[in-house]
2 protein chains.
Amino acid sequence: MKFSGKEDPNMANIREIANLAGVSVSTVSRVLNNHPYVREEKRQVVHQAMEKLDYHRNLTAFHLSKGTTNLLGVVLPSIEIPYFSNIVEGIAEEGLKHDMQLVLIQTNYHVDKELEALELLRGNLIDGLIFTSRAASLKIVKEYTSHGPIILCEDSDQTELPSVSIPHEKAFQDGLDYLLARGHTDIAYTLGRRHGTNSHKRIKAYQATMDKINQPVREEWIFDKCLSIEDGARVMESWCQMIERPTAFLVTNDQVAAGMVLTAREKGIRIPEDLSILSFDNQQIAKALHISTIDIPIKQMGKKAVQFIQKTEKKSKVSLPFQLIGRATVSNMFSA
Amino acid sequence: MKFSGKEDPNMANIREIANLAGVSVSTVSRVLNNHPYVREEKRQVVHQAMEKLDYHRNLTAFHLSKGTTNLLGVVLPSIEIPYFSNIVEGIAEEGLKHDMQLVLIQTNYHVDKELEALELLRGNLIDGLIFTSRAASLKIVKEYTSHGPIILCEDSDQTELPSVSIPHEKAFQDGLDYLLARGHTDIAYTLGRRHGTNSHKRIKAYQATMDKINQPVREEWIFDKCLSIEDGARVMESWCQMIERPTAFLVTNDQVAAGMVLTAREKGIRIPEDLSILSFDNQQIAKALHISTIDIPIKQMGKKAVQFIQKTEKKSKVSLPFQLIGRATVSNMFSA
DNA sequence: GTAATGTATGAAACGCGTTTCAGGTCAAGA
DNA sequence: TCTTGACCTGAAACGCGTTTCATACATTAC
């Protein structure tokens, strides 16, 4: 049988080596894998044969034999969102230590792409799967656990699936408290994607806090689908149009915050005097713009996820620490 | 033979299905692949058997049989650099159309990681390989072409390897001309990595231009390893320290430019009055900061690369168009 | 001197789909 | 009636490494 696409004429296989070297395939395999119990003499002959035929083992066959591929699936909505590429960076770094290659599955939040990823796991193409974000139901995901380790990067208590994340509810809560402590009660917020688990946590924390201070939850103060600088600009435009304006924003990530800050500057809106902004992530851009933000060890999350796959981490859930970095985009209304 | 790591007890194979259905494996395979010439009755029986045993084809075995994996290797230095993640985005988008999965090989510019990627190609684990950046020598890379398509994302005339890029020399040249036309002759520039092919093109264009206007090439006006916002901040600090200062910068990418612009603002340096900045890429951040930049269709590059792999594109080299976007970071010294 | 180990090697089975080849049946066309 | 071709099916080979099992010789150990 020959394959059509690429021509790869002189790909010797282990049997040809065995013939040329005058030994059995088992011996060649032993040499290949540095097994003991091969006389030095034969080892030499085999090596010569391999050299002569420019032999290189077929990895697919190798994987089939082993029942393992050293391939790790990573599902993510889009690689262009720093949050996700940071996680991938962490996964790559840690995966490197275990000789794992990464298979990227970009979903754009489409459930069917996630299902494809799960099928890769079931089909034994990948040894494990990390969801940096999830749209498929937990019930469905759980059905695949028998085919390999699946790790979630979300703050979920709904499932016994292993997961690694920061305590989003707590972090959001801390963010709210920080604003509250500085006199802000009219607080708006932005979300990356309304129906994600992490967003859900944020919404919950928000509602609890608004209840506590007897403020109504205003739908028009909640902005969905905010992920990029441009989204931030859009939010800022909206803010200008508002009759009743919030005095503070809790923002998806630093990109959105940057868009808001920059747009505000152009419009002569003073940050933080006219509007306070607190975001998440603590990326370089936040430092450059002096944006107050909640630092999240994103890369660390990716690393931990791999440790789960490798069973290095024993716990089923890991929660990473966050830290609020006060800079210059949140005002203190009491000292004003 | 059973594998150790994960337990996958009830993974039926095609032979078990054949037994249960009372047909041969060939028939099962035909059903699996929707071949004609299977009586409807048998097709049903096979489907029932598959359902009963929860059968799913083993992808590794499938790949081995086919001699093809539908896996596409992508080597890149780091996924955190927007330039590269943008290319990957394009590759992912176009690869999706051809049902290809992406295997990411992060190199951090280490040659040995690139060699590993090439070995994946030789080992038939991946069907093709895209170098979004390259550190290994062309000679070495070329040795692997018999094992599958290899595409370079660089502007090289040194090789017959297929490549897709923008004409870096021309683009850099246009950038210089743009600055020259506005009265700038003291021009500095930053590079991402001094020894890359693309950087080499930029250096070449720079030297040619300096020759033309009888300006010396000043080593201290060349900044290497500039890729991020922080690098831009660093460059700006250096600029302040200089005795003889350039009046304009041609910058690696928008991130670096952003770092420079933001740092300049804090230091009270006026852009573009005191210093002009022209960068590459035209990312969101450039628009937000009104940075003059040279737009490069990065995502498009990724798409084209996949088309090369797919042999959709017949030419061996493709050069994509760039476009200078004049915004507010380049002054006109004549009208001053 | 004999049993028990350790070393070395190959045949064959295994992991699991795909494909070729040969051999059928059955109906339409000559 | 005979040929031709479409339709259907299974045995076996193939893609390629790995691993088990059996065998055989060479040492030690007692």
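Per chain, numbering begins at 1; letters A, B, ... match sequence-line order. Just so you know, these numbers use all the heavy atoms, side chains as well, and skip hydrogens, waters and symmetry mates.
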Holding to side chain to side chain contact (heavy atoms under 4.5 Å, CB included), I want the full list of residues that pass it with [X], two or more places apart in sequence or in another chain.
X      : result
B:E116 : A:Q101, B:K113
A:S24  : A:S26, A:T27
A:T69  : A:H63, A:L71, A:D127, B:T60
A:Q307 : A:E94, A:K304, A:T312, A:E313

Worksheet item: salt bridge (Lys or Arg N to Asp or Glu O under 4.0 Å) with B:D157: which residues, sequence neighbours excluded?
Response: B:K201

Worksheet item: What residues, two or more places apart in sequence or in another chain, satisfy salt bridge (Lys or Arg N to Asp or Glu O under 4.0 Å) together with B:K142?
Response: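 Here the qualifying residues are B:E160.
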
Item to complete: For DNA chain D, find the residues of residues 31-43 of chain B with a heavy-atom distance under 4.0 Å and give them by number; none if there aren't any.
Response: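 Correct list: B:Y37, B:V38, B:R39, B:K42.
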
Fill in: Estimated bend of the helix from C:dG1-D:dC30 to C:dA30-D:dT1 (axis per five terminal pairs, rounded to 10 degrees)
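It works out to 40° between the end axes.
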
Could you give the side-chain donor-acceptor pairs of residues 132-141 of chain A under 3.5 Å, partners two or more places apart or in another chain?
residue : atom : partner : partner atom : Å
A:T132  : OG1  : A:V75   : O            : 2.8
A:R134  : NE   : A:E154  : OE1          : 2.9
A:R134  : NE   : A:E154  : OE2          : 3.4
A:R134  : NH1  : A:A136  : O            : 2.7
A:R134  : NH2  : A:E154  : OE2          : 2.7
A:R134  : NH2  : A:T197  : OG1          : 2.9
A:S137  : OG   : A:I140  : N            : 3.2

Fill in: Nucleotide C:dT9, atom P - distance to CD of A:Q44 in whole Å
13 Å

Worksheet item: For B:Q310 and B:M100, what are the C-alpha separation, side-chain angles and deciding distance, and is it a side-chain contact (heavy atoms from CB on, under 4.5 Å)?
Response: CA-CA 10 Å; B:Q310 295 291 335; B:M100 311 203 81; 3.1 Å; yes

Practice prompt. Indicate, with a heavy-atom threshold strictly under 4.0 Å, whether A:V23 touches base, sugar-phosphate, or nothing.
Written response: sugar-phosphate

Worksheet item: For B:Y144 and B:E119, does a side-chain donor sit closer than 3.5 Å to a side-chain acceptor?
Response: yes

Worksheet item: B:R57 side chain N/O closer than 4.0 Å to the phosphate oxygens (OP1, OP2) of C:dT18?
Response: yes

Practice prompt. Respond yes when some side-chain nitrogen or oxygen of A:S24 is under 4.0 Å from OP1 or OP2 of C:dG10, and no when none is.
Written response: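 Affirmative; the distance criterion is met.
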
Fill in: A:V25 side chain, from C-beta outward: closest of C:dG15, C:dT18, D:dT18
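The listed nucleotide nearest to A:V25's side chain is D:dT18.
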
Item to complete: Ignoring the backbone of B:S29, work out which of C:dT19, C:dG10, D:dT19 is nearest its side chain.
Response: C:dT19

Practice prompt. Classify the side chain of B:T27 versus the base of D:dG10 as yes if they form a donor-acceptor pair under 3.5 Å and no if they do not.
Written response: no

Worksheet item: Is there a donor N/O on one and an acceptor N/O on the other, under 3.5 Å, for the side chain of A:S26 and the base of C:dA11?
Response: yes

Under 3.5 Å, which N/O atoms of the protein pair with N/O atoms of nucleotides 22-27 of chain C?
none

Discussion item. Suppose the criterion is salt bridge (charged side-chain N to carboxylate O under 4.0 Å, His left out): which pairs have a residue in residues 84-93 of chain A, not counting sequence neighbours?
Written reply: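 Residue pairs passing salt bridge (charged side-chain N to carboxylate O under 4.0 Å, His left out), neighbours aside: A:E93-A:K299, A:E93-A:K303.
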
Can you give each donor-acceptor pair under 3.5 Å made by side-chain atoms of residues 40-51 of chain B, sequence neighbours left out, with the distance rounded to 0.1 Å?
residue : atom : partner : partner atom : Å
B:E40   : OE2  : B:Q44   : NE2          : 2.8
B:R43   : NH2  : B:H35   : O            : 3.2
B:H47   : ND1  : B:R43   : O            : 3.3

